[in-house]
Amino acid sequence: MWPGNQWIGIRGSRPRGVFANRARPTIAALRDAGVPSAAGGRGVSESKGTSGAGIEHGSEHESIKRLLAREGAGGEAVVRGWLRTVRHGKGVSFLDVSDGSCLAGLQVVANPETEGFEPVVRGLATGCALEARGSLVDSPGQGQRYELHATSVVLVGDAGEGYPLQKKRHSFEFLRTIAHLRPRTNTIGAVLRVRNAAAMAIHDFFQREEFLYLHTPIVTASDAEGAGEMFRVTTLPELDPPRDESGAVDYREDFFGRPTFLTVSGQLEAEIGALALSRVYTFGPTFRAENSNTARHLAEFWMIEPEAAFLDLAGLAALAERFLKSVFRDVLERCEEDMAFFEKRVESQAIVRMRKVIDEPFERIPYREAIAILERSGEAFEFPVRFGLDLQSEHERWLTEQHVGRPVVVTDWPASIKAFYMYRNDDEETVAAMDVLVGGVGEIIGGSQREHRLEILERTIRAQGLDPEHYWWYLDLRRYGSVPHAGFGLGFERIVQFMTGMANIRDVIPFPRTPGQAEF
RNA sequence: UCCCCGGUAGCUCAGCUGGUAGAGCAGGCGGCUGUUAACCGCCUUGUCGCAGGUUCGAGUCCUGCCCGGGGAGCCA
């Protein structure tokens, strides 16, 4: 965050000296030494012919996913990837090669006829990068449709000693300490493919519904809704920053001439977009400097926030329902193999839960009614149920799992526990807010119709001890062509968690940031 | 931030009421096999998180700190 960006160095707590025991040769050094560069990839011209091993980078190449999707066996094939395991027999070696294009790897079969058999294949170890050429044939073995009978195997990048990933189950906790290698595991690889598919499904949905993708700012001067601690962005010197008359740090001297932060929400800006373009959505990084250490929180996460003009709470709930159904349906369809893996190995209910959201109509229950239902449920809840109190996770889950048995939208919450920008209902006591509850996790989406009436919004801002001056442009939107509008927000990682059944949110983002952790 | 649990070989862990460490996997060597978490035999590997303390003696007990996990709060 500081401008000088001095290199901090590697702390003592750094996990398992992955680089500690050997110098890292540069790409250039490797090239000089005649070693083909796996990472070179500047294009065909540079790598063509330079590889002593005969590898042509940048040439057309079929992923394992495509190879496995071939209509039938027969024909030449090239596999490029990383070795998961190797099994050596007397006159035969079996290499499980994976390239991340799909969960399955391809079994490469090598024998003494294979070029590179003695010098390369017999010395292969888990983790090395290789290229194998040969013919794709029907596999006589169990567990795979095709295999590659190799005519040649070339070592592209050796794995050296101490490669931490083994052909056995590792704890997610351990994998987090090697986040630079964990995408090579089945589970994290599957997570990242599902994550990718989900992101694309989200864009598809909104584009289909004529929402514009709006890029809201990362750096902001406004503390959107008082939503927790924010990260400060500054270029002032760490030591001896400029001071004002009162001795406080003088942010007039700072880069933006005022205190600035990383965004905690793009909602207020999304409203600007909605009141011009009718329907917009944001999908970007969001930051919270809360010291929360749980399986459901990150300091840096991705949030999705649609906002639409001429939309009321009922319309918003309908949008949220279409959204979840569409995204889940797409992911199940596009990630069949990965989802089957999660169901089998990670969370047996993963697909069932998604199906429930896709197939069942969502129930709508006003908060007031939800409280009444909970009160007469006879359940011994740990936390109290009373009008004016927020619903706890146990309440949410009982409502959706036990009482209704399908997703529930709880609407019209007490104003006292909701944010200033929510539309004040006629009863003066509640606001047009909603929470979408689903089985297994509870709240997955929160949103509201926004207060579009200037006087009421100003009054609420003051009542909550906020300064209307700070919201001048937000209030301007209510002065000039204000219309009813509504939007919701959801954490991207939370729905990836829901879909995959992964227990810890740190395992559904490639590079998790949590208090005390920003390695990688 | 609070509560609970944990930090022992590269990884996953065992080590009871204190007597200076062990298994499986990985790795090395050999064997065997169209194998697929392959199998069989032999072998190597530890500042027992860090710093103090109690004790003849501490992985084991005590204190502090660091780190991780689970739960809570906050939330997405």
Side-chain angles (χ1 to χ4, degrees), chain A residues 11-18 20-21 84-97 104-111 123 125-127 137 139-144 147 149 159-178 181 185-186 224-229 264-267 285-305 345 382-383 390 392-394 417 419 435-436 441-447 488-498 503-509 514-517 519:
Chain A
R11 277 186 308 232
S13 62
R14 207 166 157 284
R16 269 41 72 217
V18 181
N21 300 327
R84 285 292 180 77
T85 75
V86 57
R87 293 174 294 278
H88 297 295
K90 189 164 210 165
V92 62
S93 288
F94 300 95
L95 323 183
D96 284 345
V97 180
L106 186 69
Q107 173 161 280
V108 174
V109 185
N111 60 36
T126 299
V137 304
S139 177
Q142 296 294 306
Q144 64 270 321
E147 62 187 26
H149 281 191
E161 280 180 35
Y163 183 67
L165 290 173
Q166 297 164 14
K167 49 182 169 187
K168 63 165 211 163
R169 199 188 146 67
H170 289 289
S171 67
F172 290 124
E173 182 184 347
F174 169 66
L175 292 177
R176 275 172 226 144
T177 70
I178 50 166
L181 297 171
T185 63
N186 282 335
E225 48 192 284
E229 294 294 310
V264 293
S265 166
Q267 182 202 313
T286 310
F287 308 86
R288 302 278 166 89
E290 293 290 346
N291 185 17
S292 51
N293 248 307
T294 81
R296 305 172 56 70
H297 290 85
L298 291 165
E300 176 182 296
F301 63 100
W302 289 66
M303 191 153 65
I304 299 130
E305 295 171 292
R345 303 292 286 274
E382 187 184 346
F383 293 92
D390 206 354
Q392 298 294 325
S393 184
E394 57 171 349
I417 58 172
D435 279 3
V436 180
V441 298
E443 181 190 341
I444 194 166
I445 287 182
F488 63 75
L490 78 159
F492 182 52
E493 284 75 19
R494 293 258 175 105
I495 61 167
V496 177
Q497 257 192 293
F498 180 84
N504 197 308
I505 199 165
R506 295 162 198 185
D507 302 321
V508 298
I509 188 167
T514 53
Q517 288 299 338
E519 190 79 52

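Here the structure is a predicted model, which means the values were calculated and not measured. Proteins come first, then strands; the chains are lettered A, B, ... in the order of their sequence lines, and each starts at number 1.
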Any base atoms under 4.0 Å from [X], or only sugar-phosphate, or nothing? Heavy atoms, all strands.
{"X": "Arg84(A)", "value": "nothing"}
{"X": "Phe287(A)", "value": "nothing"}
{"X": "Leu298(A)", "value": "base"}
{"X": "Gln144(A)", "value": "base"}
{"X": "Ser171(A)", "value": "sugar-phosphate"}
{"X": "Asn293(A)", "value": "base"}
{"X": "His170(A)", "value": "sugar-phosphate"}

Find the partner of [N]: check Watson-Crick (N1-N3 plus N6-O4 or O6-N4) and G-U wobble (N1-O2, O6-N3) distances, both under 3.5 Å, and reply none if neither fits.
{"N": "C65(B)", "result": "G49(B)"}
{"N": "A72(B)", "result": "U1(B)"}
{"N": "C42(B)", "result": "G28(B)"}
{"N": "A23(B)", "result": "U12(B)"}
{"N": "U55(B)", "result": "none"}

Which nucleotide wins on minimum distance to the side chain of [X], given the candidates [options]?
{"X": "Glu173(A)", "options": "U35(B), U12(B), G69(B)", "answer": "G69(B)"}
{"X": "Gln107(A)", "options": "C32(B), U36(B), G73(B)", "answer": "U36(B)"}
{"X": "Ala295(A)", "options": "G70(B), U36(B), G73(B)", "answer": "G70(B)"}
{"X": "Arg506(A)", "options": "G69(B), A72(B), C32(B)", "answer": "G69(B)"}

C1' gap between A38(B) and A26(B), integer Å:
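Result for the C1' pair: 15 Å, nearest Å.
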Atom [atom1] of [X] and atom [atom2] of [N]: how far apart are they, to the nearest Å?
{"X": "Gln517(A)", "N": "C67(B)", "atom1": "CD", "atom2": "C1'", "answer": "9 Å"}
{"X": "Gln392(A)", "N": "G73(B)", "atom1": "CD", "atom2": "P", "answer": "5 Å"}
{"X": "Phe94(A)", "N": "C39(B)", "atom1": "CZ", "atom2": "C1'", "answer": "14 Å"}

Can you check whether Arg87(A) has a side-chain N or O nearer than 4.0 Å to OP1 or OP2 of U36(B)?
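Result: no.
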Quiz item: His149(A) side-chain donor-acceptor pair to G34(B) base, under 3.5 Å:
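Yes, the side chain and the base share a sub-3.5 Å donor-acceptor pair.
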